[in-house]
Amino acid sequence: MTAIDDNLAYEQSSGSGLQNHLGYRLVEWAEDHAVIELDIKDYHRNRGGILHGGVLATLLDTVSGYAVCYCPVPGNVRKSVTLTLTTNFIGAGTDGIVRVVGRKQGGGRKIVFTEATAYNADGDVIGTATGTFKYQHGSDDPNGVPRDA
């Protein structure tokens with residue numbers, strides 16, 4: 001099994017409590033790149049009937065974190081924490097799938113920068129974000145650390 005298969009499969013089957021609650025899924029993951037998707041349900045909507053900004057901000061944050069934490073070593077992980085996230089709400093998601101693409105933009109050994117873009121089911125941009133992330137202990141090494149450590 002390749003790292004892409006192993007680590008993507010692990011992340012897809014071992015989601016966080018928030019991921020399980022909201023229902024988003026990691027669909028692409030590679031070095032400096034990640035994509036998550038969410039099927040908009042009624043509980044994701046605000047009082048106006050559109051995707052809640054808090055849900056969209058969560059998706060932008062999550063995909064950004066994934067974009068900086070890809071690990072090429074099967075069985076290893078990398079982890080980070082968000083230091084800053086600046087979001088821009090540009091359009092609306094009402095029905096269908098929201099696709100959110102995150103990319104690492106650069107940085108150093110411990111602090112890295114991201115950008116993310118969210119698209120509604122029609123392919124229109126509905127939100128963007130830039131972020132600053134800090135690697136957790138051991139995750140500044142691209143080879144990561146064992147999952148169980």
Check side chain to side chain contact (heavy atoms under 4.5 Å, CB included) between Asn143 and all other residues, then give those that pass, not counting sequence neighbours.
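Partners of Asn143 under the side chain to side chain contact (heavy atoms under 4.5 Å, CB included) test: Pro72, Val73, Asp141.
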
Ring geometry between Trp29 and Tyr66 (parallel below 30°, tilted from 30 to 60°, perpendicular above 60°)
perpendicular

Less than 4.5 Å apart, any side-chain heavy atom of [X] and any of [Y]?
X	Y	answer
Leu22	His44	yes
Glu11	Leu26	yes
Leu60	Val100	yes
Leu83	Ile111	yes
Gln136	Val81	yes
Val77	Cys71	no

Expected output: side-chain [X] to main-chain [Y] donor-acceptor under 3.5 Å:
X	Y	value
Ser139	Lys79	yes
Asn88	Gly127	no
Asn46	Gly48	yes

At what distance, to the nearest 0.5 angstrom, does [atom1] of [X] lie from [atom2] of [Y]?
X	Y	atom1	atom2	result
Lys41	Asp95	NZ	CG	10.5 Å
Ser16	Tyr24	OG	OH	4.0 Å
Ile97	Ile36	CD1	CD1	12.5 Å
Gln105	Thr130	CD	OG1	9.5 Å
Ile40	Asn120	CD1	CG	7.5 Å

How far apart are the closest heavy atoms of [X] and [Y], and which atoms are they?
X	Y	answer
Gly102	Val63	N-CG2, 3.6 Å
Phe133	Ser64	CZ-CB, 3.4 Å
Val68	Ser80	CG2-OG, 3.8 Å
Ala121	Gly96	CB-CA, 4.1 Å

If the condition is salt bridge (Lys or Arg N to Asp or Glu O under 4.0 Å), which residues does Arg109 pass it with, not counting sequence neighbours?
Asp140

Could you tell me which residues satisfy salt bridge (Lys or Arg N to Asp or Glu O under 4.0 Å) with Glu37, sequence neighbours excluded, listed by chain and number?
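Once residues adjacent in sequence are excluded, the partners of Glu37 under the salt bridge (Lys or Arg N to Asp or Glu O under 4.0 Å) criterion are Arg25, Arg99.
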
Report yes or no: do Arg78 and Tyr135 form a side-chain donor-acceptor pair below 3.5 Å?
yes

Show which side-chain atoms of residues 50-59 pair as donor or acceptor with protein atoms under 3.5 Å away, not counting sequence neighbours.
residue: His52; atom: ND1; partner: Gly54; partner atom: N; Å: 2.7
residue: Thr58; atom: OG1; partner: Gly54; partner atom: O; Å: 2.9

Treat each ILVMFWY residue as a node, draw an edge where side-chain heavy atoms are under 4.5 Å apart, and state whether Leu38 and Leu18 are in one component.
yes

How does the hydrophobic cluster around Val35 look, that is, which other residues are in it when side-chain heavy atoms under 4.5 Å mark a link?
Val27, Ile90, Val101, Tyr119, Val125

Residues joined to Leu85 in its hydrophobic cluster, side chain to side chain under 4.5 Å directly or through other members, sorted by chain and number, are none

